[in-house]
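This report concerns only the one structure given below.
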Protein chains: 2
Amino acid sequence: MRVLGIDPGLTRCGAGVIDGGAGLQPRLVEVLVVRTPAGQELHRRLLAVAAGVETVMDRLRPDVVAIERMFSQHNVRTVMGTAQAAGVVALAAARRDIPVAWHTPSEVKAAVSGNGAADKKQVTAMVTRLLRLPEAPHPADAADALALALCHLWRAPMQQRVAVQLHRERLAVVAASAGGGAAGPAGRRR
Amino acid sequence: MRVLGIDPGLTRCGAGVIDGGAGLQPRLVEVLVVRTPAGQELHRRLLAVAAGVETVMDRLRPDVVAIERMFSQHNVRTVMGTAQAAGVVALAAARRDIPVAWHTPSEVKAAVSGNGAADKKQVTAMVTRLLRLPEAPHPADAADALALALCHLWRAPMQQRVAVQLHRERLAVVAASAGGGAAGPAGRRR
């Protein structure tokens, strides 16, 4: 599975692509940071972010895009710009029919370091170690994008198992209902 | 001038197009609301919003798009979705090289009703009166989108006059500098 992790932002938008799967050592494919000048008009900045991530999507063809899910605890202006950048990335994925997953910063930190409150330095160190990189990815947005991709790689099988199990249970209920319900589990109809 | 006003949102995104200009009675061209189901995945919803506004842009070719500039005082989840919807609308305009203007809710309310704290009912009543509509636009998102367009129509000439004046002053300073500065105004160089 190829995952594109996105640390969304207007000034710097991190985009990290990794390959991995069950029992495989995750491997860095590419990491880059799309930058847009602070003085530029907002809609032009969004266009530049979209163009940057679309190039990555079309060239490296990820199977899934993992984007940071934000909260608005921080500076209002920054959060709005970040949300808008995340929105145009999600749109680019939707246009290409690539599934999108959202992970919170604490999910990402917990996935790569075991600690949901880990600091940037710790996250960067773990990303470097987990991907066996010769040196730490720079700037922090690049490391964060790779951490998001790693987080997705590990959470996805679990999320998928849950989805498959739910699907099976629904099928079982439908089969039981179709059979008249006598042999089916009681009170499980949707 | 043709203005497309956007009241951004995922559940309902209002899009109102009006024609107007100096000394002209503003005229409704079209108003509609793009809706996306709450149960749908976020990136699919953003795609539907983008598709809806892009259709309006390509069919009615506005000269400018006026979008509500939000603050995150409200429900975090709603604000994020709204910001992302606003982002994909701004991106659609940027792709078509249409200028984008942002107005806050209080600027819009003040522009159409004279009161920056006007309620929705008052805004709807004023939009209906100002555009001489036979009945009030419905739902509120439609009225808000038209209010944004009206707000832009009235604020734009003022903003433009300021921009032109600043430009002239800069030219004057450059001319004075080129002429040796003796005849130019003192201390005005950039």
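Not measured: the values here are computed from a predicted model. In the text below, chain A, chain B and the rest are named by the order of the sequence lines, each starting its count at 1.
- Across B:Val65, B:Leu42, B:Val89, the residue that shares the most heavy-atom pairs under 4.5 angstrom with chain A is B:Leu42.
- Residues passing the side chain to side chain donor-acceptor pair (under 3.5 Å) test with A:Arg61: none are found, sequence neighbours excluded.
- With sequence neighbours left out, the side chain to side chain donor-acceptor pair (under 3.5 Å) criterion links B:Lys121 to no other residue.
- Salt-bridge check for A:Asp144 with A:Lys120: passed, with a basic side-chain N closer than 4.0 Å to an acidic carboxylate O.
- Taking the side chain as every heavy atom from C-beta outward, B:Leu148 and B:His103 approach each other to under 4.5 Å.
- For B:Ile67, no part sits under 4.5 Å from any heavy atom of chain A, backbone or side chain.
- Neither the backbone nor the side chain of B:Leu10 comes within less than 4.5 Å of any heavy atom in chain A.
- The number of heavy atoms from other shown groups lying within 6.0 Å of CZ (B:Arg59) is above 12.
- For residues 98-117 of chain B, the pairs satisfying salt bridge (Lys or Arg N to Asp or Glu O under 4.0 Å) are B:Glu107-B:Arg155, with sequence neighbours left out.
- Counting only heavy atoms from C-beta outward, the side chains of A:Thr82 and A:Glu68 never approach each other to under 4.5 Å.
- Contacts from residues 43-51 of chain A to chain B, taken as heavy-atom pairs separated by less than 4.5 Å, involve A:His43, A:Arg44, A:Leu46, A:Leu47, A:Ala50 in sequence order.
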